[in-house]
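Here's the structure, in structure tokens; my notes come after.
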There are 2 protein chains.
Amino acid sequence: MPRKTPEKTDAYSHDHSRLIEAWRVMHYALRAVIAEPDRMLAKRGLTRVHHRILFFVARQPGMSVGELQTVLDVTKQALNTPLKQLQTQGLIDLSKAAHDARVRRIELTAEGASLEAKLTGEQLHMFAEAFAHAGEDATASWFEVTGKLAERIAR
Amino acid sequence: MPRKTPEKTDAYSHDHSRLIEAWRVMHYALRAVIAEPDRMLAKRGLTRVHHRILFFVARQPGMSVGELQTVLDVTKQALNTPLKQLQTQGLIDLSKAAHDARVRRIELTAEGASLEAKLTGEQLHMFAEAFAHAGEDATASWFEVTGKLAERIAR
DNA sequence: CGAGATAGGTCAATCACATTGACCTATTCT
DNA sequence: AGAATAGGTCAATGTGATTGACCTATCTCG
């Protein structure tokens, strides 16, 4: 799909520099969304892994260590340390499952839930702002393009 | 901006699950764009750093080590190893600058240029496809939303 | 009941990677 | 000639993640 004229390109022509700009903007958008939560986490000596744990536990309270291991795709050794740190800081609560005492029930404490809401809320707020700014149609378009990009990944 | 009615939300209301979906899709899009080049690099024992070097040198042939250090935001020690590897594999060419023999001119070899074109081309192709699929207006909207998100980052 | 499987925890070795600091050469600038 | 600069290299350190081995508590099943 070559460009036809210098002053106007048809709807399906995308020149090199525009595509590079797309890639660049996407990187910066990612960094922007991650930046503020990272700063909040750093204050407590925590990292993105801790946020990921809080995020999933918030959405599936009582999930087990094994389930968490699966969704996060990490080994139990890699999970153990941050999990203990979160427990020590009183952000999560570990208890034995009723149906099987070998299994741990992981839940957020009130403080953990509060922190999670702040972290994730900050990120979702950025999206909400960008979507609100662009309008509903643009939002749908954004989903269409980004979803198309994501299509190649199995999951 | 609370939701008004359950069945229809106005253009500026974005509920929780939709925002989470946006975040999720963006992650997957990122991974999708990175996945294939990473696989190609891995075959040669290279990583994303090497691609970044090739990318910038392709766009500014003859740039110095110091300049590369600046754009990549890494120390010279961190840059030195991958740079030597690229040289060993015959992908880049180092020579002394004419105006100052202390300064290195970094250029891609034919093979380096070919690899760079394949790596970056693969990524840009994904964007081109997604944009072409969604159309020109949707593309503009995508830039608007993503650009709005990226706005918070200085650079 | 007793053997084997399972969930989770822990210790240790290793690997990859980046960072800081110190020191060295070649070269240019003054 | 002496100071500054571009680059290179060695060494120590720190962080994370990975694998492997081994341990306890608990459950399941013949």
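Chain identifiers are assigned alphabetically (A, B, ...) following the order of the sequence lines, protein sequences preceding nucleic acid strands; residue numbering begins at 1 within each chain.
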Side-chain heavy-atom pair [X], [Y] within 4.5 angstrom cut-off:
| X | Y | answer |
| --- | --- | --- |
| A:Leu83 | A:Leu68 | yes |
| B:Met126 | B:Glu36 | yes |
| B:Leu91 | B:Leu46 | yes |
| B:Arg105 | B:Lys96 | no |
| B:Leu79 | B:Ile53 | yes |
| B:His51 | B:Thr120 | yes |
| A:Trp142 | B:Met26 | yes |

Distance check needed: [N] [atom2] versus [X] [atom1], whole Å only.
| X | N | atom1 | atom2 | value |
| --- | --- | --- | --- | --- |
| A:Leu72 | D:dG16 | CG | P | 16 Å |
| A:Leu79 | C:dA7 | CG | P | 15 Å |
| A:Asp100 | D:dC29 | CG | C1' | 15 Å |
| B:Leu46 | C:dC17 | CG | P | 11 Å |
| B:Leu83 | C:dA18 | CG | C1' | 16 Å |
| B:Ile106 | D:dG8 | CD1 | C1' | 13 Å |
| B:Gln85 | D:dG8 | CD | C1' | 15 Å |
| B:Leu68 | D:dG8 | CG | P | 11 Å |

If hydrophobic clusters are built from ILVMFWY residues whose side chains come within less than 4.5 Å, do B:Phe143 and B:Val25 share one?
no
Does NZ or CZ of A:Arg59 lie under 6.0 Å from the centre of the six-membered ring of A:Phe55, at an angle within 45° of the ring axis?
yes
Got a sec: does the CG of A:Asp100 have more than 12 other heavy atoms crowding it under 6.0 Å?
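Enclosed: over 12 neighbouring heavy atoms sit under 6.0 Å from CG of A:Asp100.
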Near-strand residues of residues 32-42 of chain B, defined as heavy-atom separation under 4.0 angstrom from DNA chain C
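Residues of residues 32-42 of chain B under 4.0 Å from DNA chain C: none.
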Scan residues 88-95 of chain A against DNA chain C and write down, sorted by residue number, each residue with any heavy atom closer than 4.0 Å; if none is found, say none.
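None - not one residue of the stretch has a heavy atom sitting under 4.0 Å from the strand.
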Which part of the nucleic acid does B:Ser64 contact within heavy-atom distance under 4.0 Å: base, sugar-phosphate only, or nothing?
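Sugar-phosphate: the residue B:Ser64, judged by heavy atoms under 4.0 Å, touches backbone atoms but no base.
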Under 4.0 Å, heavy atoms only, any strand: does A:Val49 hit a base, just the sugar-phosphate, or nothing?
sugar-phosphate
Check this for me, if you would: do A:Glu21 and A:Arg18 make a salt bridge, where the nitrogen-to-carboxylate-oxygen distance has to be below 4.0 angstrom?
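Result for this pair is no, no salt bridge flagged.
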Answer yes when B:Arg39 and B:Glu122 have at least one side-chain N-carboxylate O distance shorter than 4.0 Å, and no when they do not.
no
Give me the distances for all protein-to-nucleotides 21-26 of chain C N/O pairs that come in under 3.5 Å?
from, atom 1, to, atom 2, distance (Å)
C:dG21, O6, B:Gln77, NE2, 2.5

Counting side-chain heavy atoms from CB outward, which of C:dA18, C:dA7, D:dA6 is closest to B:Ala78?
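Given the options C:dA18, C:dA7, D:dA6, the side chain of B:Ala78 is closest to C:dA18.
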Any side-chain N or O of [X] under 4.0 Å from OP1/OP2 of [N]?
| X | N | value |
| --- | --- | --- |
| A:Lys84 | C:dT10 | yes |
| A:Asn80 | C:dT10 | yes |
| A:Thr75 | D:dA17 | no |

By nearest-heavy-atom nucleotide on DNA chain D, the more 5' of A:Thr47 and A:Ala97 is A:Thr47
